[in-house]
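Residue numbers count from 1 along this sequence. What you see is a predicted model, and the numbers here were worked out from it, not measured in a lab.
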Amino acid sequence: MTANLLDYDLDGLAAFCETLGEKRFRATQLFRWIHQRGVRDFDDMSDLAKSLREKLKGVAHVAAPAVLSQHESADGTIKWLFDVGGGDAIEAVFIPEDDRGTLCVSSQAGCAVGCRFCSTGHQGFSRNLSTGEIVGQLWFAEHFLRRHLKTDERVISNVVMMGMGEPLQNYSALVPALKTMLDDHGYGLSRRRVTVSTSGMVNFMDRLGEDCPVALAVSLHAPNDPLRDDLVPLNRKHPLAELMAACKRYLQHAPRDFVTFEYCMLDGVNDGAEHARQLVELVRSHDVSCKFNLIPFNPFPQSGLVRSPQQRVAAFAKTLNDAGIVTTVRKTRGDDIDAACGQLAGEVQDRTKVGARIARQRTVVTKPVKFLPGVQETTGSS
Ligand code: SF4
């Protein structure tokens, strides 16, 4: 079994090259060939010494997860399903916009957090992805898109760790992946263009702030503990006061930044005027510099939840904006290929039986479930 070089950030690759008796600048050359030029065949890395190329062939390879399928939406969104072995498949989504190209990346096969409104959560959890499997989604997508669009320019300008999984539950694989994204010899993305989304892993938020303070998004979804305990089970371990304090500490590492609070709008559950007022009070009382992103819920039958009507979303946004908190409503992209937020649905062997546990839980919805026309049963993300 040879080493997959996508598993290493530049320091890791330098250490690997040292074991072959090679200097760091060789690792930098190799890293650039792999990540900047998308080359996987050592024979094509023309400025590497032939002796190094021969050594590498015996001990290393470059491999992203295999693509099982690709779907392109009418709006240009592209979704890939990747095989990560053992019956598990994960998804990544490219979202083109006028001023940016964003890749939504998965960090785990499934998710163990079990948020009620999230289709990934209902699928259960199989395993953490390796660094190579996380970076491999970007490596494949970036170089595929350059070939597809016939350009040598960078296509992906932003990465959001909002695919399948809770990224901070896979911390040791996540950080080298982030460092590769930020590295000038890798993808050269700025710290503010790489976002980690968490449901509230407080201890790891502190570590991320110290190790790699990229942009932070927090899946909030409720303004008080009883409701958040029900929607985001991790809240029972780290209630809102702890989470808000962790957000504030995070911003000490990135003082000019803000936290983006993600809030999935659920009809009759968390979308009332009172909830909006409680949110204003929550962020004001903890003095957290923040923006809100309201997300239209993508219904799936097991959730027992329904999307909030547009007028209620607009009224909710107005309350927050009137209080001076910048609030946007996320545009739905790629929903014709089930690539919208909350719809990512790889294939996961539920080794922890999370899916069954959620199914046994009480639902918070008191009204009959109805599904929007054309919305299909599916999955989603932090
Ligand atoms: S919203 Fe995120 S943390 Fe919650 S179950 Fe889905 S993937 Fe996991």
Between [Y] and [X], is there a side-chain donor-acceptor contact under 3.5 Å, judged purely by atom types and distance?
X: Thr2; Y: His61; value: yes
X: Asp47; Y: Trp33; value: yes
X: Asp88; Y: Ser126; value: yes
X: Arg26; Y: Gln29; value: yes

Is there a side-chain contact between [X] and [Y] in this structure, where contact means two heavy atoms from C-beta onward sitting under 4.5 Å apart?
X: Arg37; Y: His143; value: no
X: Glu274; Y: Arg277; value: yes
X: Thr77; Y: His71; value: no
X: Val194; Y: Leu178; value: yes
X: Leu168; Y: Met205; value: yes
X: Val218; Y: Thr198; value: yes
X: Val113; Y: Phe125; value: no
X: Ser197; Y: Met161; value: no

Shortest non-hydrogen contact between [X] and [Y], atoms and distance:
X: Thr131; Y: Ala173; result: OG1-O, 2.9 Å
X: Ser107; Y: Glu166; result: OG-C, 3.7 Å
X: His221; Y: Cys264; result: ND1-N, 2.9 Å
X: Leu231; Y: Asn270; result: CD1-ND2, 4.3 Å
X: Ala63; Y: Asn4; result: O-ND2, 2.8 Å
X: Leu305; Y: Arg116; result: CD1-O, 3.8 Å

Quiz item: Between Phe300 and His122, how do the two ring planes meet: parallel, tilted or perpendicular, split at 30° and 60°?
Solution: perpendicular

Quiz prompt | Aromatic plane relationship, Trp80 with Phe140 - under 30° parallel, 30 to 60° tilted, over 60° perpendicular | solution = perpendicular

Looking at residues at least two apart in the chain, or sitting in another chain, which of them share a ring-ring contact (aromatic ring centres under 6.0 Å, His included) with [X]?
X: Tyr250; result: none
X: Phe258; result: none
X: Tyr263; result: Phe316
X: His148; result: Phe144

Quiz prompt | side chain to side chain donor-acceptor pair (under 3.5 Å) against Arg284, all qualifying residues, sequence neighbours excluded | solution =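 By the side chain to side chain donor-acceptor pair (under 3.5 Å) rule, Arg284 matches no residue at all.
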
Self-check item: Check: Phe117 ring centroid to Phe297 ring centroid under 6.0 Å
Solution: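 Distance test on ring centres: not under 6.0 Å, no.
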
Exercise. May I ask you to check whether Tyr8 and Phe31 place their ring centers less than 6.0 Å from one another?
Key: no

Check for a donor-acceptor pair, side chain of [X] on one end and backbone N or O of [Y] on the other, with a separation under 3.5 Å.
X: Thr260; Y: Ala217; value: no
X: Ser157; Y: Gly101; value: yes
X: Ser106; Y: Gly163; value: no
X: Thr319; Y: Ala315; value: yes

Can you confirm whether more than 12 heavy atoms, excluding those of [X], are under 6.0 Å from its [atom1] atom?
X: Arg192; atom1: CZ; value: yes
X: Glu242; atom1: CD; value: yes
X: Asp99; atom1: CG; value: yes
X: Lys57; atom1: NZ; value: yes

Practice problem: Tell me, with the steps shown, if Leu56 and Leu20 meet side-chain contact (heavy atoms from CB on, under 4.5 Å). | Solution: CA-CA 9 Å; Leu56 287 170; Leu20 304 178; 3.9 Å; yes

Is the closest basic N to carboxylate O distance between [X] and [Y] below 4.0 Å?
X: Arg312; Y: Asp271; value: yes
X: Arg307; Y: Asp267; value: no
X: Glu142; Y: Arg146; value: yes
X: Arg127; Y: Glu133; value: yes
X: Glu18; Y: Lys23; value: no
X: Lys291; Y: Asp257; value: no

Quiz item: What pairs with Thr328 under side-chain contact (heavy atoms from CB on, under 4.5 Å), at least two apart in sequence or on another chain?
Solution: Asn293

Quiz prompt | CA sep, side-chain torsions, deciding dist, call: Lys79, Glu72, salt bridge (Lys or Arg N to Asp or Glu O under 4.0 Å) | solution = CA-CA 6 Å; Lys79 180 176 78 168; Glu72 188 161 354; over 6 Å; no

Exercise. Only one of Leu234, Leu243, Leu220 passes side chain to side chain contact (heavy atoms under 4.5 Å, CB included) with Ser199; say which it is.
Key: Leu234

Quiz item: Could you walk me through whether Asn170 and Ile134 pass the side-chain contact (heavy atoms from CB on, under 4.5 Å) check?
Solution: CA-CA 10 Å; Asn170 187 13; Ile134 297 171; 3.9 Å; yes

Quiz item: Is there a side-chain contact (heavy atoms from CB on, under 4.5 Å) between Trp139 and Arg40 once you walk through the steps?
Solution: CA-CA 10 Å; Trp139 181 83; Arg40 56 182 298 179; 4.1 Å; yes

Self-check item: Chi angles and distances behind the side-chain contact (heavy atoms from CB on, under 4.5 Å) call for Leu240, Leu282
Solution: CA-CA 9 Å; Leu240 281 168; Leu282 180 72; 4.2 Å; yes

Self-check item: Residue pair Asp11, Arg24: steps toward the salt bridge (Lys or Arg N to Asp or Glu O under 4.0 Å) verdict
Solution: CA-CA 9 Å; Asp11 285 343; Arg24 186 181 175 100; 2.9 Å; yes

